[in-house]
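Down below is the structure, laid out as structure tokens.
Predicted model only: the values in this text are computed from it and were never measured. Values reported hereafter were calculated over all heavy atoms of this structure, with side chains retained and with hydrogens, waters and symmetry mates removed.
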Amino acid sequence: MAPKKSKKTVENMNSRIKLVMKSGKAILGYKASVKALRRGKSKMVLIASNCPPLRKSEVEYFAMLAKTQVHHYSGDNTDLGTACGKLYNCSILSIVDAGDSDILTSTEAK
């Protein structure tokens, strides 16, 4: 039963990411996400599971300084890029505006 539940939560997260990409504003990539974090524009950061540890810790540090939520995405960078509707890999996704999605409130409760 446990794998089925985790698959459902991944699908739920993927649908929220798709809604953000459609109705909100998101930034893909490490450099642009760090710039958004430093400017304080980012509301949430998603990090893929196979992101390099040094890069992951650096983004987490900037997010802590900016008081921004961090979500560790369970899939790898290919899955995160696919969830965004792109045909390329993406290890870090920064959400600037959630739009119609409830991604900011739903992950906060966990």
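Atoms SG and NZ, on Cys84 and Lys22 in that order, are 14.5 Å from each other to the nearest 0.5 Å. Here the OG-NZ distance, from Ser101 to Lys18, works out to 12.5 Å after rounding to the nearest 0.5 Å. Taken from CG in Asn89 to OG1 in Thr82, the straight-line distance is 7.5 Å, to the nearest 0.5 Å. Note that the CZ atom of Arg16 and the NE2 atom of His71 stand 9.0 Å from one another [nearest 0.5 Å]. The line from CE of Met44 to CD1 of Ile95 is 5.5 Å long, rounded to the nearest 0.5 Å. Here CD1 of Ile92 is found 12.0 Å from CD1 of Ile27. Values are rounded to the nearest 0.5 Å.
Under the 4.5 Å side-chain contact rule for hydrophobic residues, Tyr73 and Tyr88 share a cluster. Both Leu28 and Val20 belong to a common hydrophobic cluster when Ile, Leu, Val, Met, Phe, Trp and Tyr are linked at side-chain heavy-atom distances under 4.5 angstrom.
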Q | From CA spacing to verdict: side-chain contact (heavy atoms from CB on, under 4.5 Å), Asp102, Thr105 | A | CA-CA 6 Å; Asp102 64 339; Thr105 57; 3.7 Å; yes

Q) Is there a side-chain contact (heavy atoms from CB on, under 4.5 Å) between Lys35 and Lys41 once you walk through the steps? A) CA-CA 9 Å; Lys35 284 181 185 178; Lys41 295 188 183 288; over 6 Å; no

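Shown here for Ser94 and Ser33, the closest heavy-atom pair between the two residues is CB-OG, 3.4 Å. Ala63 and Val70 get closest at one heavy-atom pair: CB-CG2, 3.4 Å. Val96 and Lys43 get closest at one heavy-atom pair: O-NZ, 3.0 Å.
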Taking distance alone, no hydrogens or angles, what donor-acceptor pairs closer than 3.5 Å link side-chain atoms of residues 45-61 to residues at least two apart or in another chain?
{"from": "Ser49", "atom 1": "OG", "to": "Gly75", "atom 2": "O", "distance (Å)": "3.0"}
{"from": "Asn50", "atom 1": "OD1", "to": "Asn77", "atom 2": "N", "distance (Å)": "3.0"}
{"from": "Asn50", "atom 1": "ND2", "to": "Asn77", "atom 2": "OD1", "distance (Å)": "3.3"}
{"from": "Ser57", "atom 1": "OG", "to": "Pro53", "atom 2": "O", "distance (Å)": "3.2"}
{"from": "Ser57", "atom 1": "OG", "to": "Leu54", "atom 2": "O", "distance (Å)": "2.9"}
{"from": "Glu58", "atom 1": "OE1", "to": "Tyr30", "atom 2": "OH", "distance (Å)": "2.7"}
{"from": "Glu58", "atom 1": "OE2", "to": "Tyr30", "atom 2": "OH", "distance (Å)": "3.1"}
{"from": "Glu60", "atom 1": "OE2", "to": "His72", "atom 2": "NE2", "distance (Å)": "3.0"}

